[in-house]
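What follows is a short report on a single structure.
Only heavy atoms go into these numbers, but all of them, side chains included; no hydrogens, no water, no symmetry mates.
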Amino acid sequence: MKHNKKSVFITMILLLSIITNIMLMISGGGGVDKILIKLRLQTSDERTDWTLESWKHSLAGLNFDSDIVFFGDSLTSNGDWQLYFPEYNIVNLGLIGDNIQGMNSRIDMIEEVSPEKIFIMAGINSLANKNYKECLQDYEKMISDIQNLLPESSLYIQSVLPVSNEKENQYITNLNIDDFNHELKILAEKNEIIFIDMSRFFKEDCELKQTLTVDGIHINEDGYNVWSSCISQYVYESKSL
């Protein structure tokens with residue numbers, strides 16, 4: 001009997017220790033991932049974005065057919081596309097801080113809403129960490145994966161917007177952005193995709209127009225009015241939605 005009581009006591013202590021460690025891992029950030037790593041069910045370089053996974057799961061459960069998807073980073077995310085094109089069912093899949101590689105990892109989100117048209121803007125966050133040739137390789141993979149997954153959808157590549165001179169740095173310059181956009185146009189032609197060059201409508205004196213920006217990178221309401229005007233002909237063009 002004493003032996004059994006001792007075993008129960010030890011078991012309770014072990015359970016308490018496990019629970020305490022779990023709580024510490026969660027409170028220290030990285031919650032579920034830290035637990036999975038600790039239990040050797042996940043390696044440290046396989047961290048899961050649970051917010052993104054929840055977003056994907058929600059899309060999968062909607063059973064919603066969209067007309068148009070806008071796919072990109074914060075510039076796309078901040079746009080109220082439904083306001084500009086109210087007659088269409090629009091899904092905004094812009095994600096703040098996302099880069100081309102990140103977008104590659106969530107292409108399945110587009111499939112969940114089966115759009116007829118996909119407007120892509122990507123590159124500014126990737127150019128901050130890679131040279132534009134590497135970014136182009138990632139971009140080409142994204143196009144290929146989307147076309148394979150959604151062969152009936154029409155793709156539109158939108159040029160990367162310029163930045164204010166004060167936002168230029170070692171990696172992001174308006175000259176680099178121009179070079180990248182030139183290569184994107186070639187990539188679009190190679191894949192028989194429409195390239196929409198919007199940068200000239202946003203540029204003044206070789207930089208992003210001060211009247212169209214809130215911080216030298218992101219754009220204001222006037223900027224989105226320009227953007228929507230640049231793409232309207234492609235939104236409304238012949239393919240019936």
Side-chain angles (χ1 to χ4, degrees), residues 68-86 88 90-100 102-103 117-136 138-140 142-143 154-189 191 193-237:
I68 301 171
V69 157
F70 285 88
F71 194 46
D73 50 39
S74 59
L75 286 163
T76 296
S77 176
N78 293 339
D80 189 351
W81 306 110
Q82 194 66 69
L83 175 66
Y84 292 110
F85 307 107
Y88 298 105
I90 294 177
V91 174
N92 187 338
L93 293 182
L95 180 61
I96 295 173
D98 208 1
N99 56 27
I100 302 170
M103 290 167 65
K117 295 184 178 183
I118 305 166
F119 287 82
I120 303 170
M121 181 186 282
I124 192 65
N125 292 323
S126 291
L127 287 171
N129 299 296
K130 294 184 176 183
N131 64 55
Y132 76 83
K133 290 184 178 180
E134 290 178 298
C135 294
L136 283 169
D138 293 336
Y139 212 121
E140 187 163 25
M142 177 170 60
I143 290 172
S154 297
L155 271 63
Y156 301 85
I157 295 178
Q158 302 162 109
S159 61
V160 177
L161 300 183
V163 298
S164 299
N165 287 338
E166 64 266 21
K167 291 296 181 178
E168 291 186 317
N169 56 43
Q170 179 181 353
Y171 305 101
I172 299 179
T173 67
N174 284 307
L175 181 59
N176 283 345
I177 292 172
D178 287 343
D179 289 342
F180 185 66
N181 283 332
H182 175 72
E183 296 297 332
L184 278 184
K185 182 179 180 181
I186 295 173
L187 182 61
E189 291 171 350
N191 289 275
I193 297 171
I194 291 176
F195 176 75
I196 307 173
D197 184 7
M198 305 191 301
S199 58
R200 58 197 175 98
F201 297 102
F202 283 85
K203 189 179 291 186
E204 186 173 72
D205 297 328
C206 299
E207 67 169 331
L208 179 60
K209 290 182 179 179
Q210 296 296 321
T211 56
L212 300 180
T213 183
V214 295
D215 59 6
I217 296 177
H218 298 92
I219 56 177
N220 56 25
E221 184 177 352
D222 288 339
Y224 283 106
N225 286 331
V226 173
W227 186 339
S228 61
S229 296
C230 288
I231 65 174
S232 61
Q233 72 177 93
Y234 304 104
V235 170
Y236 294 117
E237 69 178 358

Looking at CD1 of I194 and NZ of K117, how far apart are the two atoms once the value is rounded to the nearest 0.5 Å? 8.0 Å
Nearest 0.5 Å, please: how far is CD1 in I193 from OG in S154? 10.0 Å
Does the pair V91 and I68 meet the rule for a side chain to side chain contact (heavy atoms under 4.5 Å, CB included), with working shown? CA-CA 6 Å; V91 174; I68 301 171; over 6 Å; no
Count the heavy atoms of every other residue, nucleotide or ligand shown that sit under 6.0 Å from NZ of K185, and state whether that count exceeds 12. no
Measuring from atom CG of N181 to atom OG of S159, what distance do you get when rounded to the nearest 0.5 angstrom? 4.5 Å
From Q210 CD over to D205 CG, what is the distance, rounded to the nearest 0.5 angstrom? 10.0 Å
Any chance you could lay out the side chain to side chain contact (heavy atoms under 4.5 Å, CB included) test for I231 and M198, step after step, and finish with the verdict? CA-CA 9 Å; I231 65 174; M198 305 191 301; 4.0 Å; yes
Side chains of T211 and D222 in contact at under 4.5 Å (non-hydrogen atoms): no
Tightest non-hydrogen contact, residues S228 and F85, listed as O-CZ, 3.7 Å
Kindly indicate whether the side chain of S164, heavy atoms from C-beta on, has any atom under 4.5 Å from the side chain of T213. yes
Heavy-atom side-chain proximity of N174 to N165 below 4.5 angstrom: yes
Worked verdict on Y139 versus Y132 for ring pair (Phe, Tyr, Trp, His ring centres under 6.0 Å): CA-CA 10 Å; Y139 212 121; Y132 76 83; over 10 Å; no
Spacing of D178 atom CG and T173 atom OG1 [to the nearest 0.5 Å]: 8.0 Å
How close do F180 and G123 get, counting heavy atoms only, and between which atoms? CE2-CA, 4.1 Å
For G216 versus L208, what's the shortest heavy-atom pair and its separation? O-CD2, 3.6 Å
Regarding Y171 and N131, is there a side-chain donor-to-acceptor distance under 3.5 Å anywhere? no
Less than 4.5 Å apart, any side-chain heavy atom of L155 and any of I120? yes
Q158 to M121 - nearest heavy-atom pair and separation: NE2-N, 3.6 Å
Mind checking the CD1-CG spacing from I186 to N191? Nearest 0.5 Å is all I need. 12.5 Å
Do I219 and V214 have side chains that get closer than 4.5 Å, going by heavy atoms? no
Does the side chain of T76 come within less than 4.5 Å of F71's, by heavy atoms? no
I217 to D215 - nearest heavy-atom pair and separation: N-OD1, 2.9 Å
On a heavy-atom basis, the closest approach of S126 and N99 is OG-CB, 3.1 Å
Taking 4.0 angstrom as the limit, do D138 and K133 come out as a salt bridge? no
Does CD belonging to E134 count more than 12 external heavy atoms closer than 6.0 Å? yes
Is it true that, when you exclude N169 itself, more than 12 heavy atoms of the residues, nucleotides or ligands shown sit nearer than 6.0 Å to its CG? yes
Applied to residues 204-225, the ring pair (Phe, Tyr, Trp, His ring centres under 6.0 Å) test, sequence neighbours excluded, yields W81-Y224, Y224-W227
Could you work out, with ring pair (Phe, Tyr, Trp, His ring centres under 6.0 Å) as the rule, every residue matching F119, not counting sequence neighbours? F70, Y156
Would you check if the side chain of N129 reaches a backbone N or O of N125 as a donor-acceptor pair within less than 3.5 Å? yes
Contact check, side chains of L187 and E140, non-hydrogen atoms, under 4.5 Å: yes
Indicate yes or no: at least one non-hydrogen side-chain atom of E207 is less than 4.5 angstrom from one of E166. yes
State, without any angle test, whether S199 and D197 hold a side-chain donor-acceptor pair at a distance under 3.5 Å. yes
Does the pair L184 and F195 meet the rule for a side chain to side chain contact (heavy atoms under 4.5 Å, CB included), with working shown? CA-CA 8 Å; L184 278 184; F195 176 75; 3.8 Å; yes
Has the side chain of N92 got a donor or acceptor atom that lies under 3.5 Å from a matching backbone atom of G79? yes
Can I157 and I196 be said to form a side chain to side chain contact (heavy atoms under 4.5 Å, CB included), step by step? CA-CA 6 Å; I157 295 178; I196 307 173; over 6 Å; no
Sub-3.5 Å donor-acceptor pair from the side chain of S77 to the main-chain atoms of S74, do we have one? no
